[in-house]
Amino acid sequence: MKSPAPIHAALIQSTLLSACLLLTPASASQAATANAAANTSSKPSAAQKKSKKPGPSTAKKASKTAQKHKDLPAQPFGERPDVMAFAATLAKEQGWELEALRSTLAQARSVPAVQRLIMPAPAGTAKDWAAYRARFVEPRRLQAGLAFWEQYAAPLARAEARYGVPAELIAGLIGVETFYGQITGGFSVLDALATLSFDFPSGRSDRSAFFRAELVEFLKLCWREGMDPRAVKGSYAGAMGWPQFMPSSWNRYAIDFDGDGHANPIQSAEDAIGSVANYLAAFGWQRGMPTHYSVALPVETSARALLLAPDIKPTFSLAQLREAGAQVSEAAQEHVGPLAVVELQNGAAAPSYWLGTENFYALTRYNWSSYYAMAVIEMGRTLKVMRTAQTPAAAASISAN
């Protein structure tokens with residue numbers, strides 16, 4: 001095995017537009033510190049991909065965020081025993097040069113803001129599908145989505161043809177994730193992953209083992225691509241680029257879709273498009289299958305509870321749904337395959353219910369949330385209708401619904 005010297009050397013200063021509608025694990029879509037907005041109106045050249053540097057506003061924005069929440073300053077791990085022990089084990093496992101790895105990890109910092117942002121929402125916070133949808137399916141993001149689709153129509157069509165994932169869903173997902181590259185994360189990915197690996201906060205289930213595995217994947221990525229790990233920016237949980245891939249997802253599912261010889265969904269929108277489609281296909285996306293159908297649930301409490309128990313996992317046949325008292329739509333009656341009963345709460349109002357297909361479930365593998373999956377679907381559907389209409393009046397009417 002080669003040593004990780006390229007990891008330690010500052011061979012490439014990545015541009016990371018990053019901020020974070022993170023897929024919690026690939027992203028719970030919570031906002032974090034944003035870097036300078038990306039200009040999505042022009043595709044970067046191959047030379048620009050290799051040479052762009054982080055925007056100068058990143059440090060200022062991070063500082064303002066820290067002041068607002070009174071976070072303590074980040075502290076370098078240095079030669080902390082547990083970090084150095086991890087380096088020794090990792091160097092032995094991977095055949096990497098120990099001193100180079102120790103030096104890289106010693107420069108990582110423990111960031112209190114990361115610890116705060118990874119915590120779950122306060123108990124008792126009401127879920128509201130309408131409010132969640134409104135965060136994403138709104139005029140500015142829709143207009144950015146139309147521009148994105150116009151600019152990248154060819155790779156979107158090519159991804160749909162190759163993987164069977166509709167262009168509108170790919171566009172919708174990237175819009176929900178990062179506002180089409182404008183919000184991709186301003187945290188040092190090395191700092192974020194190291195913080196969650198070695199200083200995971202108490203008060204929630206310990207996921208430090210998950211983040212240590214992601215830290216290893218991140219170092220592998222940097223070594224392979226010749227990136228300086230100190231330069232890479234992303235979300236507070238270490239998600240990166242236009243699609244907010246965690247390092248393990250990058251290593252497994254990122255593809256070179258623009259033909260430059262590198263899979264780089266941080267700096268290439270085309271690579272992001274292909275990588276998103278590849279990811280969904282790998283998690284079971286089926287060409288031509290709808291994502292969901294309408295349904296009316298039985299009034300009887302125990303029957304309704306039975307149908308909701310599996311959550312977003314497709315479990316029920318049409319016969320089982322009917323036997324439990326569910327009234328499925330005419331379109332659903334032609335469906336072949338298992339279905340899930342999906343509940344979307346609407347605050348104090350009555351919940352909304354849908355039948356989720358295996359394609360709906362595939363979307364939740366990107367982010368384990370039915371609200372997220374439905375937001376992606378709604379974003380994509382609205383973009384498709386607006387793109388067809390292409391009139392200001394139609395766009396205003398659609399975005400308000």
Side-chain angles (χ1 to χ4, degrees), residues 23-25 28-29 125-134 136-137 160 163-170 172-173 176 277 279-385 388 398 401:
L23 288 178
T24 314
S29 291
T125 302
K127 295 180 179 179
D128 189 329
W129 158 239
Y132 187 91
R133 180 188 186 278
F136 304 107
V137 188
E160 179 172 352
Y163 297 103
V165 182
E168 64 266 24
L169 278 178
I170 300 171
L173 188 149
V176 168
Y279 182 102
L280 292 174
F283 279 87
W285 184 272
Q286 298 184 42
R287 187 184 300 268
M289 177 183 285
T291 54
H292 64 290
Y293 305 102
S294 59
V295 64
L297 294 195
V299 176
E300 205 273 313
T301 305
S302 60
R304 182 172 294 209
L306 175 68
L307 291 172
L308 291 172
D311 196 21
I312 53 180
K313 176 70 175 175
T315 303
F316 300 106
S317 67
L318 285 170
Q320 290 172 320
L321 289 167
R322 293 192 188 100
E323 185 179 347
Q327 298 179 30
V328 303
S329 66
E330 185 175 345
Q333 293 175 21
E334 304 299 321
H335 182 78
V336 177
L339 294 162
V341 178
V342 176
E343 179 183 65
L344 299 177
Q345 297 177 22
N346 292 304
S352 302
Y353 296 103
W354 302 92
L355 293 178
T357 69
E358 289 166 289
N359 278 356
F360 187 92
Y361 187 69
L363 281 173
T364 67
R365 299 309 84 196
Y366 204 100
N367 182 329
W368 301 346
S369 164
S370 55
Y371 296 81
Y372 172 87
M374 192 62 77
V376 167
I377 293 166
E378 286 286 287
M379 185 74 182
R381 178 195 68 83
T382 308
L383 283 173
K384 184 177 182 179
V385 174
T388 301
I398 294 164
N401 294 324

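Count residues from 1 along the sequence. Please read these numbers as outputs of a predicted model, since none were measured by experiment.
Within the structure, ring pair (Phe, Tyr, Trp, His ring centres under 6.0 Å) contacts touching residues 294-348 (residues at least two apart or in different chains) are Tyr293-His335.
For Tyr372 (side chain) and Leu363 (main-chain N/O), no donor-acceptor pair under 3.5 Å exists by modelled atom type.
For the pair Gly356 and Val342, the tightest heavy-atom approach, listed with the atom from each and the gap, is N-CG2, 4.0 Å. In this structure, Ile312 and Tyr361 approach most closely via the heavy-atom pair O-CD1, 3.2 Å. Scanning all heavy atoms of the two residues, the minimum distance from Trp285 to Leu169 falls at CH2-CD1, 3.1 Å. Nearest approach of Glu160 to Arg287, heavy atoms of both residues: O-NH1, 3.4 Å. In terms of heavy atoms, Leu297 sits closest to Tyr353 at CD1-CD2, 3.4 Å.
Once rounded to the nearest 0.5 Å, the distance linking CZ of Phe360 with CG of Leu355 reads 10.5 Å.
At a threshold of 4.5 Å between non-hydrogen side-chain atoms, the residues Ser370 and Glu343 do not count as touching. Side-chain contact between Pro351 and Trp129 is absent, with no heavy atoms from C-beta onward closer than 4.5 Å. Considering only heavy atoms from C-beta on, Tyr279 comes within 4.5 Å of Tyr366 through its side chain. For the pair Thr382 and Arg133, the minimum side-chain heavy-atom distance is below 4.5 Å.
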Compile the donor-acceptor pairs under 3.5 Å between side chains in residues 321-334 and protein atoms, sequence neighbours left out, one pair per line.
unit_1	atom_1	unit_2	atom_2	d
Ser329	OG	Ala332	N	3.3

side-chain contact (heavy atoms from CB on, under 4.5 Å) between Leu383 and Glu168, worked out: CA-CA 7 Å; Leu383 283 173; Glu168 64 266 24; 5.5 Å; no

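Under the ring-ring contact (aromatic ring centres under 6.0 Å, His included) criterion, Trp354 pairs with His292, not counting sequence neighbours.
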